[in-house]
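Numbering of residues begins at 1 and proceeds along the displayed sequence.
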Amino acid sequence: MIKNYLKIAWRSLLKQRLYSVIIISGLAVGLAACITIGLYVAHEHSYDRFHKDADRIFTAHQVSYLGQTRIDWIKYNSGENIKRTQPKVEDCIGIHKHLKKVIVSQASAPTNKIAEDDLIYTSKDFFKFFSFRLLNGDVSNVLSEPFSLVLTQAMAKKYFGDSDPIGKTLLIATDSTYTYKVTGIVENNPSNSTINFNFIASDLSMLKMREYGNFKTTGTTFVKLRNALDTGAVVRSMQASFKKDENIKFSLVPFVNTHLEGVFGTQVKGNFLEIFPLVAALILLLALVNYMSLATAKATLRAKEIGVRKVAGASRTTVAIQFFIESALFTVLSFALAFLLFYLFKPWFLNVLQIKIDNSFLYNHVVLMLLAALLVGTIVLAGSYPALVLSSFNPASTLKGKMAKNTGGVTVRKIFTTLQFTVAIALIICGITIDRQLYFFRHTYTGLDRENILVIPGSPSFGKNYQSFNQDIKTMVGDSMVAASRRNIFDSGYNILILNDQKTEEESFVTNFEVNRNFFNLLKINWKTPPPSLLNIGETDILINEQAITKLHLKPDPIGQKISSGNKMFNPNGMTYTVAGIVKNFNYMSLASEIQPVAVLVKPDTASTWNRGFNMYVKIKPHTNIPGFVSSIKHIYEKYDAETPFSYSFLDDDFNAQYKAEDRLASIFSLFTYIAIILATLGLFGLAAFSIEQRVKEIGIRKVLGASTTSINTLLSIDFLKLVILSVVIASPIAWWAMHGWLQNFSYRITIPWWVFILSAFIAICTAFITVSYNSIKAALANPVKSLRSE
């Protein structure tokens with residue numbers, strides 16, 4: 001019986017090739033989008049769950065409050081104290097990540113230096129605590145000695161090729177150059193790990209380093225409880241041990257939540273994870289609607305076949321099973337095509353999101369089960385409506401031909417078409433609005449000039465050579481075209497200065513820039529009250545922005561006013577500054593945030609000032625040959641610092657990099673919009689072709705009576721255009737509501753322009769008109785004699 005049903009389904013597929021292609025391709029596109037998005041979402045939720053004891057591992061947080069400011073920090077070696085004092089804690093381990101690039105070379109080729117990321121320091125129990133797979137080396141001893149080092153497979157291959165690296169050495173330059181002995185090889189990080197490393201060094205090395213002496217640094221402390229339910233008791237016990245300071249609060253965050261909560265240097269993707277599944281469901285719904293709409297439409301042509309089957313004794317259940325099997329055939333073919341599309345477009349999608357997903361994750365049993373569930377769910381959903389409608393045909397009516405044109409849910413198909421275009425139009429409106437907000441970000445004046453400015457980071461190893469380097473650059477471009485600051489203006493992190501509020505006497509964090517005197521002119525920062533002379537500004541003079549006046553409750557004209565700094569926890573030896581000048585507010589962060597209070601300290605432009613690292617800004621004159629200019633700068637740089645590889649960026653690129661999340665969202669929305677339009681167009685094309693096919697005789701008669709091609713096209717298009725216009729009316733307020741809510745995330749935002757709705761409607765109506773016109777003009781140009789004979 002099943003074999004017979006499959007034969008009928010296959011013949012039906014081949015008999016109506018156009019509809020079959022439309023159905024299969026539309027469903028395949030929807031499923032491919034759904035699989036891709038589903039994989040991404042599943043991967044995001046799988047972070048760190050591969051560790052054996054993941055459910056019992058927590059990250060410890062020690063939160064301090066400075067006035068209204070929250071500070072989340074914990075000492076690197078806090079785990080030792082927690083393990084000693086908390087009996088419910090089975091084990092603790094600390095990880096310190098070296099935040100900057102390190103310079104790695106081999107002892108046999110010390111001049112071949114490579115800048116590398118992801119060096120972490122940890123204790124000898126690292127491989128017992130976590131489930132990272134050690135491929136070579138003794139789990140108990142690989143990190144037991146100072147300057148012992150475990151490499152990932154990739155790094156071992158990179159530096160030692162196919163030879164065995166165990167026992168060999170690498171030179172790693174941090175605050176100085178140290179020789180590390182390779183003691184182990186670990187499998188490359190899984191793509192769903194928040195702990196990322198290329199090099200794992202023994203934390204005993206830190207005791208011998210100037211930068212970290214006696215573990216005086218922060219880190220991430222991981223706590224493994226004997227019972228995951230003891231979290232509250234452990235936190236209360238830890239809190240009790242700090243009764244003396246009520247400003248300190250402890251907490252334990254489940255390790256498996258770390259990635260989504262943005263700890264350990266990862267990017268928060270919560271917004272994407274809320275939006276993408278919804279959009280994936282909408283796209284799949286569009287594809288299913290396409291299938292159901294076209295399946296019921298074309299099946300009305302088979303009404304007599306259904307009638308004959310029923311008269312011959314087939315039950316409604318038997319007919320329903322037949323259509324379910326047809327749905328299964330179409331869905332399986334669509335699923336196979338969707339998987340091919342998924343493989344073709346996966347690299348592009350992951351590149352846009354800037355994430356990596358291991359192939360092994362694809363073959364994880366959970367992912368395979370999800371794919372199987374998607375296939376079965378699609379078969380059931382796709383087959384349910386056609387089976388329900390078509391199996392209900394009255395055999396007497398169908399054999400008389402009364403069902404051929406009206407049964408199968410004409411009204412429902414109109415609803416389906418309206419729904420498809422509603423989604424497509426809403427996505428168009430959202431996509432244009434996101435694009436306009438990004439344009440606003442990039443083209444809004446933020447209070448400083450960022451055009452044609454080259455930023456060159458200099459490491460502490462520059463040391464005494466800074467002055468010569470600076471002079472050579474000035475000779476090349478001119479004195480006024482060069483400036484320096486401790487940190488780049490658009491860095492993700494900033495130095496802070498703790499200043500006392502003049503009204504409440506509470507301590508407040510203020511962003512602190514240490515700059516040389518050329519900084520203001522080069523970046524064209526506007527003055528509200530300039531100092532008498534930047535040349536004579538002293539160590540205790542401070543420049544602030546307008547926002548700092550408000551935050552610190554200073555006088556409206558605070559020139560000459562004293563501000564004290566210092567904090568008993570972070571900086572007990574405070575200073576007293578005198579306000580020497582006021583700059584107008586400028587935004588050094590994303591426009592998603594309010595302008596923050598800023599304090600600027602002007603430093604003498606000497607080697608001793610910048611010996612802890614700097615960023616040099618070089619203004620490029622118009623019509624400069626950029627590649628040649630950068631090459632000249634690099635040549636000068638390498639003359640004074642052969643240790644650190646030359647790197648550079650453009651200030652406007654640094655500014656734009658702050659909007660990567662919005663860029664990704666815009667790219668993905670564009671993709672979703674294209675898919676939605678394609679699906680809606682495919683559905684409309686199929687329905688229009690079907691509708692016109694049923695009206696061939698009417699078209700022939702109208703042509704014989706003298707109707708023009710234009711009038712026939714207008715007549716046939718108008719019904720569909722009414723549905724598209726209804727979609728515009730429904731989609732516009734929904735899209736406005738969604739985008740209005742999204743824009744509230746930004747301190748500086750656009751008002752959704754009215755023309756966005758007009759443009760979206762125009763795109764949808766034009767697309768629908770062209771789609772329908774193709775079929776109607778083709779029918780109108782057909783020979784009416786043949787049309788009338790066909791009836």
Side-chain angles (χ1 to χ4, degrees), residues 41-66 68-97 99 118 120-123 125-126 128-132 189-197 203 215 217-242 245-274 355 492-493 661:
V41 173
H43 185 264
E44 290 298 300
H45 284 287
S46 73
Y47 265 73
D48 299 317
R49 295 183 189 276
F50 62 89
H51 293 288
K52 180 185 170 189
D53 301 317
D55 60 326
R56 293 193 290 128
I57 300 175
F58 298 80
T59 50
H61 292 264
Q62 180 180 322
V63 177
S64 307
Y65 288 90
L66 192 60
Q68 299 298 317
T69 307
R70 183 180 188 271
I71 308 167
D72 190 350
W73 69 285
I74 193 165
K75 286 183 180 176
Y76 168 77
N77 58 348
S78 296
E80 294 175 12
N81 184 49
I82 295 172
K83 186 177 178 182
R84 188 174 62 252
T85 58
Q86 305 297 325
K88 294 181 185 297
V89 172
E90 180 180 304
D91 201 0
C92 288
I93 201 166
I95 293 178
H96 173 77
K97 186 167 187 174
L99 295 178
D118 296 335
I120 65 171
Y121 295 94
T122 187
S123 71
D125 293 329
F126 179 78
K128 293 180 182 174
F129 194 95
F130 295 109
S131 301
F132 294 109
N189 301 162
S191 59
N192 55 354
S193 171
T194 53
I195 303 175
N196 292 313
F197 48 77
D203 60 358
F215 294 142
T217 186
T218 58
T220 304
T221 297
F222 295 90
V223 177
K224 186 184 289 185
L225 301 185
R226 297 186 190 283
N227 187 329
L229 300 178
D230 288 336
T231 316
V234 173
V235 169
R236 285 192 294 275
S237 179
M238 290 167 66
Q239 194 65 55
S241 66
F242 269 80
D245 193 341
E246 295 180 352
N247 288 324
I248 295 178
K249 305 289 181 190
F250 286 98
S251 63
L252 293 177
V253 175
F255 183 34
V256 292
N257 292 350
T258 302
H259 174 68
L260 297 181
E261 295 188 6
V263 187
F264 213 73
T266 56
Q267 178 74 33
V268 179
K269 301 179 177 74
N271 290 339
F272 288 173
L273 294 180
E274 290 173 7
I355 62 167
S492 55

Counting distance only, does the side-chain N/O of His96 pair as donor-acceptor with the main-chain N or O of Thr218 below 3.5 Å? yes
Side chain proximity check, Lys97 to Asp118, heavy atoms < 4.5 angstrom: yes
Salt bridge (Lys or Arg N to Asp or Glu O under 4.0 Å) filter on Asp48, not counting sequence neighbours, yields none
What distance separates Met238 CE from Leu252 CG, expressed to the nearest 0.5 Å? 5.5 Å
Below 30° counts as parallel, above 60° as perpendicular, anything between as tilted: where do the rings of Phe132 and Phe126 land? parallel
May I have the list of side-chain donor-acceptor pairs in residues 223-232 shorter than 3.5 Å, sequence neighbours left out?
| residue | atom | partner | partner atom | Å |
| --- | --- | --- | --- | --- |
| Lys224 | NZ | Asp53 | OD2 | 3.0 |
| Lys224 | NZ | Phe129 | O | 3.2 |
| Arg226 | NE | Pro87 | O | 2.9 |
| Asn227 | OD1 | Leu229 | N | 2.9 |
| Thr231 | OG1 | Ala228 | O | 2.9 |

Which atom pair, heavy atoms only, marks the closest approach of Asn196 to Ile120? O-CG2, 3.9 Å
In chain order, what residues pass the side-chain contact (heavy atoms from CB on, under 4.5 Å) check against Asn192, with sequence neighbours excluded? His43, Ser46, Tyr47, Phe50, Pro190, Phe361
Between Thr221 and Ala60, is there a donor-acceptor pair closer than 3.5 Å when you use the side chain of the first and the backbone of the second? no
Side chains of Ile95 and Phe197 in contact at under 4.5 Å (non-hydrogen atoms): no
So how far is it from Asp125 CG to Ile93 CD1, rounded to the nearest 0.5 Å? 6.0 Å
Just wondering, do Val235 and Phe58 contact through their side chains at under 4.5 Å, heavy atoms? no
Closest contact, heavy atoms only, Gln239 versus Lys249: OE1-CA, 3.4 Å
In this structure, is the centre-to-centre distance between the rings of Tyr121 and Tyr76 below 6.0 Å? no
What is the minimum heavy-atom distance between Glu90 and Lys83, and which atoms define it? O-CE, 3.8 Å
Nearest atoms (heavy-atom pairs only) where Cys92 meets Ile82: SG-CG2, 3.8 Å
Ignoring hydrogens and angles, tell me if any N or O in the side chain of Thr59 forms a donor-acceptor pair with the backbone of Phe222 under 3.5 Å. no
Which distance, rounded to the nearest 0.5 Å, do you find between the CZ of Phe255 and the OG1 of Thr194? 4.0 Å
Note: Arg49-Asp55 ion pair, threshold 4.0 Å (strictly below): no
Using side-chain heavy atoms (C-beta onward) and a distance below 4.5 Å, is Ile74 in contact with His61? no
Between the NZ atom in Lys52 and the OG atom in Ser131, the distance rounded to the nearest 0.5 Å is 7.5 Å
